[in-house]
Protein chains: 2
Amino acid sequence: MKILIIGGKGTIGKRVSEHFAKKHQVIVGGRSTGDVIVDIADSKSIEAMFKAVGKVDAVVCIAGEAKWAAFDSMTEEDFTIGLKSKLMGQVNLVRIGQDYVNPGGSFTLTTGILADHPVEFTTSAAMVNGGIHSFVKAVALELRNGIRINVVSSGLVEDAVERYEAYFPGHNPIPMYKVINGYVRSVEGKGTGEIIRMYDNC
Amino acid sequence: MKILIIGGKGTIGKRVSEHFAKKHQVIVGGRSTGDVIVDIADSKSIEAMFKAVGKVDAVVCIAGEAKWAAFDSMTEEDFTIGLKSKLMGQVNLVRIGQDYVNPGGSFTLTTGILADHPVEFTTSAAMVNGGIHSFVKAVALELRNGIRINVVSSGLVEDAVERYEAYFPGHNPIPMYKVINGYVRSVEGKGTGEIIRMYDNC
């Protein structure tokens, strides 16, 4: 398969890219580094990326940001960051990318546990994650040519524990091999419209 | 209680307003009619509304729109309608309104079954509903002075069956008294961070 992985140099992205590269042709997209440069917050940049890369069998997005801050300090503008990047960035990737994915191919988006189990300071991040979950269920009803779409929503991943554990009291870190498996299940499986939750609440 | 009901003249809103008016002081906000005029897509209009109405015990929002259309016909601009109105409109209502709700008061937002069970043409509507669900869970962790927040998510309501049933094949209509009870549970109950699902999937 020819797989385009946007955010393929990030914390999760580099592990996922390394894994898929063992069996597939991987093209890494990134904002500052990668095989192709793309800023998903800018739909013109997404268009240019697809024109450069051409047809693919799978698009994986592990990119997008949102502002973390106390709700009573958040301005309307602060919310716009997440709306433009992690929310509409991923929506536009599907909207524009549907013409560049081969029949039977797939999209895999990324959210996170905040959609279901938010923590302090995440009103914007939780919101965009929840929006993507419902978007994926809805758009799966409409994509053509057998194109599938799923979203991987992980808990606090092991490789990010050092940086983020203070924000996630009592959250069990998710081993990277399980996170990778979420993406494998979406790309190599047959499911569509799935929210692949990689949480460890037991 | 002094209850501000935005969208209090709409299909659901008029039933909810009538019900609460039996026991409480109800102020109806609307885009073109009501005790106070407000367009939730414009945060300046929200500010002006709260300045005019003053402190309240409960804010209920049954307003907000999003574009319904086939995904492959949706432009980026089409998505903006829902982002500005039903999504950020409700977020801004809480963001600005938190200073106008009395201690122990509440916010009640409105979404719909599309967040969990979308139908065709609802990529944008489902997305904004799902975003609000996660937002409510997240912001409930941060509101002060015992202010609560919940969201009522109804299935196809009985009073809208005639207009919308073609879009919801096989959906069981929800009786209006059950929909009203969703809002009563939020406003007069003690829960917070709840997604009050009024679905009938049995």
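Each chain gets a letter, A, B and so on, in the order the sequences are listed, and its residues count up from 1.
Exactly one residue among A/T108, A/T110, A/N150 makes a side-chain hydrogen bond (donor to acceptor under 3.5 Å, both in side chains) with A/Y183. That residue is A/T110.
For B/E142, the part lying near chain A is the side chain, with the backbone staying farther off; criterion is any non-hydrogen pair under 4.5 Å. Of the two parts of A/A70, the backbone and the side chain both hold a non-hydrogen atom closer than 4.5 Å to a non-hydrogen atom of chain B. Looking at B/V139, the atoms closer than 4.5 Å to chain A (heavy atoms on both sides) sit in the backbone and in the side chain alike. If you measure heavy-atom distances from A/D72 to chain B, the contacts under 4.5 Å come from both the backbone and the side chain. For a residue to count as touching a neighbouring chain, one of its non-hydrogen atoms must lie under 4.5 Å from one of that chain's; by this rule A/E76 touches chain B with backbone and side chain alike.
Between A/N129 and A/T111, the side chains place no donor N or O within less than 3.5 Å of an acceptor N or O (distance only, hydrogens not considered). Judged by distance alone, the side chains of A/Y199 and A/S154 never bring a donor and an acceptor atom under 3.5 Å apart. For A/T122 and A/Y167, the side-chain atoms include no donor-acceptor pair closer than 3.5 Å.
Looking only at heavy-atom pairs under 4.5 Å with chain B, the residue among A/M74, A/M127, A/Q98, A/K137 that has the most is A/M127. Of the listed residues (A/L141, A/L143, A/L114, A/V119), the one with the most heavy-atom contacts under 4.5 Å to chain B is A/L141. Residue with the most contacts toward chain A among B/D99, B/L83, B/L87: B/L87 (heavy-atom pairs, distance under 4.5 Å). Contact tally against chain B (heavy-atom pairs below 4.5 Å) for A/V94, A/I96, A/V136, A/T80: the top residue is A/V94. With respect to chain B, the highest number of heavy-atom pairs below 4.5 Å among A/H117, A/H133, A/E120 belongs to A/E120.
Minimum heavy-atom separation, A/R95 to B/T75: NH1-CA, 4.0 Å.
Ring orientation note: the planes of B/W68 and B/Y164 are tilted relative to one another, at an angle of 30° to 60°.
Between A/V36 and A/L4 the shortest side-chain heavy-atom distance falls below 4.5 Å.
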